[in-house]
Amino acid sequence: QVQLVESGGGLVQPGGSLKLSCQISGTIARLFSLGWYRQGQGPQRELVAYITTYGTPLYGDSMKDRFTISRDPAKNTVDLQMNDLQAGDTAVYYCNAKFIGTDTMQSLNEIWGQGTQVTVSS
């Protein structure tokens, strides 16, 4: 059973920085992308960033100038460097992996981590 385990969340002051890490246990045979999503005050999760196995990153609209996503295939990790954090960044951050399933259609499936709390407050 493949699992994603996040770490690095916590309390940070506005303007500060924080680095989140996601450890992937086991092997995903046909991985497509690894990424981060977050859930703030509302019930819906929003995209923070993801990176494909080809190395192409994609960021949410408000993340491009402040956040950086990176992968380390040798360590089976995906990290999220967050800079200039603001109160609006307060949320539970979830690690996500998308992969090609074993079904006939080879559909794109996904796995979620349990989430890690990030609180930005003075």
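The analysis underlying the following values was restricted to heavy atoms, covering all of them including side chains, and did not include hydrogens, waters or symmetry mates. Model, not experiment: these values are computed from the prediction. Numbering starts at 1 and runs along the sequence shown.
Counting only residues at least two apart or on different chains, the ring-ring contact (aromatic ring centres under 6.0 Å, His included) pairs with a member in residues 101-122 are Tyr37-Trp112. For residues 109-122, every residue pair satisfying the salt bridge (charged side-chain N to carboxylate O under 4.0 Å, His left out) rule, not counting sequence neighbours, is listed here: Lys98-Glu110. The salt bridge (charged side-chain N to carboxylate O under 4.0 Å, His left out) pairs that include a residue from residues 1-13 number zero, where partners must be two or more places apart or lie in different chains. The side-chain hydrogen bond (donor to acceptor under 3.5 Å, both in side chains) contacts involving residues 9-19 comprise Ser17-Asn83, where partners must be two or more places apart or lie in separate chains. Among pairs with a residue in residues 41-121, those fulfilling disulfide bond (SG atoms under 2.5 Å apart) read Cys22-Cys95, at least two apart in sequence or across chains.
Other cluster members for Met105: none, since no ILVMFWY side-chain heavy atom sits under 4.5 Å from it. Applying the under-4.5 Å side-chain rule to Ile, Leu, Val, Met, Phe, Trp and Tyr, the cluster around Ile100 extends to Phe32, Leu108.
Cluster annotation: Tyr50 is not connected to Val118 through the hydrophobic network of ILVMFWY side chains, with a link wherever side-chain heavy atoms come within less than 4.5 Å. Val48 and Val12 end up in the same hydrophobic cluster when Ile, Leu, Val, Met, Phe, Trp and Tyr side chains are linked at under 4.5 Å. Under the 4.5 Å side-chain heavy-atom criterion for Ile, Leu, Val, Met, Phe, Trp and Tyr, Leu80 and Leu18 are members of the same hydrophobic cluster. Under the 4.5 Å side-chain contact rule for hydrophobic residues, Leu34 and Tyr94 do not share a cluster. Trp36 and Leu47 end up in different hydrophobic clusters when Ile, Leu, Val, Met, Phe, Trp and Tyr side chains are linked at under 4.5 Å.
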Does Ser7 form a side chain to side chain contact (heavy atoms under 4.5 Å, CB included) with Thr116? I'd like the steps, not just the answer. CA-CA 6 Å; Ser7 63; Thr116 184; over 6 Å; no

Derivation and outcome, side chain to side chain contact (heavy atoms under 4.5 Å, CB included), residues Thr90 and Gln117: CA-CA 8 Å; Thr90 296; Gln117 177 71 49; 4.0 Å; yes

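Residues forming a side-chain contact (heavy atoms from CB on, under 4.5 Å) with Asp65 (at least two apart in sequence, or on another chain): none. For the side-chain contact (heavy atoms from CB on, under 4.5 Å) test, residues two or more places apart in sequence or in another chain that qualify with Val5 are Gln114. Residues satisfying the side-chain contact (heavy atoms from CB on, under 4.5 Å) test with Ser107, not counting sequence neighbours, are Asp103, Asn109. Residues passing the side-chain contact (heavy atoms from CB on, under 4.5 Å) test with Asp89 are Arg38, Arg66, Phe67, Leu85, Gln86, Tyr93, Val120, sequence neighbours excluded.
Counting non-hydrogen atoms of neighbouring residues, nucleotides and ligands closer than 6.0 angstrom, the CG atom of Asp72 exceeds 12 such neighbours.
How far OG1 of Thr77 is from CG of Leu20: 12.5 Å, rounded to the nearest 0.5 Å. Interatomic distance, Arg30 CZ to Ile28 CD1, rounded to the nearest 0.5 Å: 13.0 Å.
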Which pairs of donor and acceptor atoms, one on a side chain in residues 51-60, lie under 3.5 Å apart (sequence neighbours left out)?
residue	atom	partner	partner atom	Å
Thr52	OG1	Tyr54	N	3.2
Thr52	OG1	Thr56	N	3.3
Tyr59	OH	Ile69	N	3.0

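The nearest pair of heavy atoms linking Ser122 to Pro14 is N-CD, 3.6 Å. Across every non-hydrogen atom of Asp79 and Ser21, the tightest pair is OD1-OG, 3.0 Å.
At least one donor-acceptor pair closer than 3.5 Å links the side chain of Ser25 to the backbone N or O of Gln3. No side-chain donor-acceptor contact under 3.5 Å links Asn76 to the backbone of Thr27.
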